[in-house]
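Step one of this worksheet: look at the structure below.
In this chain, residues are counted from 1 in sequence order. Whatever order the structure lists them in is the order used to number ligands and atoms, beginning at 1. We use all heavy atoms of the structure for the numbers below, so side chains are in, but hydrogens, waters and symmetry mates are not.
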Amino acid sequence: MSTERGDDLLARDAAHVWHPYTQHGLETDFLPVASARDATLTLTDGRTLIDGISSWWACLHGHSHPRMVAAITEQLGELDHVLFGGATHEPAVRLAEELVALAPAGLNRVFFSDNGSTAVEVALKMVVQAWLHRGEPARRVFVALEGGYHGDTFGAMAVGDPDPFFLPFEEMLFEVRRVPADAAALRNALDELGGRAAGFICEPLVQAAGGMVMQPPDFLREVRRACDDACVPWIADEVMTGFGRTGALFACDRAGVSPDYLCLAKGLTGGNFPLSVTLAHEATFEAFKSEDRGRAFFHGHTFTANPVGCAAGLASLAICRDEHTAARLDVIGARIENALTDHFGDGAHTRNLRRTGGIVAFDLPSSESGYLASAAPRLRALAVEHGVLLRPLGNVLYTMPPSCTTESECDQITSALLALDAAD
Ligand SMILES: *Cc1c(COP(=O)(O)O)cnc(C)c1O
């Protein structure tokens, strides 16, 4: 528990490790994390932090939930890993059954992979190949939202907004038509593309990495109608919004609509294990079924449907049901939003204070905006001083705590948000 141990860890880290989304020339203040329990991270020097962002939006029920630990440990001793090509196992089949039963109507087929980006890649590839099978090879151009984010692999980057993360790769990304979150703009783009339109992809209700930009459920109903009218599939990327974050099990449920493809990851295993799924219609599955091997969907990862990951997924779904995770997250979000509304008073509107379920965000008054704003590392450090882990997205401050967050922890998160706001 000594500071020395933390210092030593940081020195060893600095010698060999390359961190994600990190400019190592500017950032050196890594948090040496020793352990985690519920909503709390403990650092090697004994300091504790409330995980105000659920460790990159993954940790749904808090850290080391006893039921998650038990399910993972038990599965590890029973069947640790087996290939999923030409083999199957109970945890995968049961997880598929449960997901189909819970997902928006019509999504009957489950394809496993192991992270959010691959869940999106799978959906994009299924759409393209399904059009080929249906004799429409010209349908190659996806429509996506401005400010969207769908992951860091090439296909996921292509449908994401290149600014600012993907500019170095921009010329290598395939053609995508980007539109504002507006039904008329979407219809226009689909009309203009006509027989070249492949489909539409969006993050339903909350565009997360783009700055917690929120849309009302009505927009999703309009998306559904626009895609139906243009006869193209709609991919709902619920990698972040899935499993209760928006106050319903899925964001699409809030609008009462069903997409043609549903991508899930992060909270799928309670944020405890890398696993993801892409759900599709039975008709899509049928479009690949043939006596011709060449028409198969040639995609798969080594750890596809890993049994331990599937057991974690089943345990997490059971917790969602028994602990009313979606409703709890909604209560947590409302408490933080109310405290912020009280503080800002009439200013809440100009700050664009917003909430969807357990996700609360507002804009800092700072003139500097965008993800690369230089204030972010300073604000992160200040949040740590206030005992909370927060990572502002440029000039957007937000929180998305796990469902076990207590009232006093919520209030501490609010205090930290306000301290950052005052320091901006
Ligand atoms: C995080 C995220 C992804 C990418 O998931 P990874 O597991 O990080 O690859 C894709 N889409 C959305 C909406 C996300 O929030």
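Gln215 and Gln207 share a donor-acceptor pair across their side chains, judged by distance under 3.5 Å alone. Side-chain contact annotation: Ser54 with Arg245, donor-acceptor N/O pair under 3.5 Å present. Checking His301 against Asp114 by side-chain atom types alone, no donor-acceptor pair falls below 3.5 Å.
Distance check, rounded to the nearest 0.5 Å: CZ of Arg221 to CZ of Arg254 gives 10.0 Å.
You'll find the ring centres of Phe243 and His61 outside the 6.0 Å limit. For an aromatic pair to be called close, the ring centres must be under 6.0 Å apart, and Phe344 with His349 fails this.
Set against the non-hydrogen atoms of Gly151, the atoms of ligand 1 under 4.0 Å away are 4 (C), 10 (C). Close approach of ligand 1 to Met240 (heavy-atom distance below 4.0 Å) involves ligand atoms 15 (O). In summary, the atoms of ligand 1 found under 4.0 Å from a heavy atom of His150, numbered by their order in the structure, are 10 (C), 11 (N). Annotation for ligand 1: atoms under 4.0 Å from non-hydrogen atoms of Ser117 are 4 (C), 5 (O), 6 (P), 9 (O). Annotation for ligand 1: atoms under 4.0 Å from non-hydrogen atoms of Trp57 are 15 (O).
The nearest protein atom to atom 5 (O) of ligand 1, hydrogens excluded, is given as Gly116 CA, 3.1 Å; this is a heavy-atom distance. Atom 13 (C) of ligand 1 has its closest protein heavy atom at Asp237 OD2, 3.3 Å. Among all protein heavy atoms, the one lying closest to atom 2 (C) of ligand 1 is Lys266 NZ, 2.5 Å.
A salt bridge does not link Asp29 with Arg380: every distance from a Lys NZ or Arg NE/NH1/NH2 to an Asp or Glu carboxylate oxygen is 4.0 Å or more.
At a heavy-atom distance under 4.0 Å, only side-chain atoms of Glu203, from C-beta outward, approach ligand 1. Contact annotation: for Glu238 versus ligand 1, there are no heavy atoms closer than 4.0 Å.
Nearest heavy atoms, Ala197 versus Trp131: O-NE1, 4.3 Å. Nearest approach of Asp260 to Val232, heavy atoms of both residues: OD2-O, 4.2 Å.
Among the atoms of Asn115, some N or O lies under 3.5 angstrom from an N or O of ligand 1. Close N/O approach between Ala265 and ligand 1 is not found [any backbone or side-chain N/O within under 3.5 Å].
Atom 8 (O) of ligand 1 is never approached by the protein to below 4.0 angstrom, counting heavy atoms only.
Within the 4.0 Å heavy-atom shell around ligand 1 one does not find Trp56.
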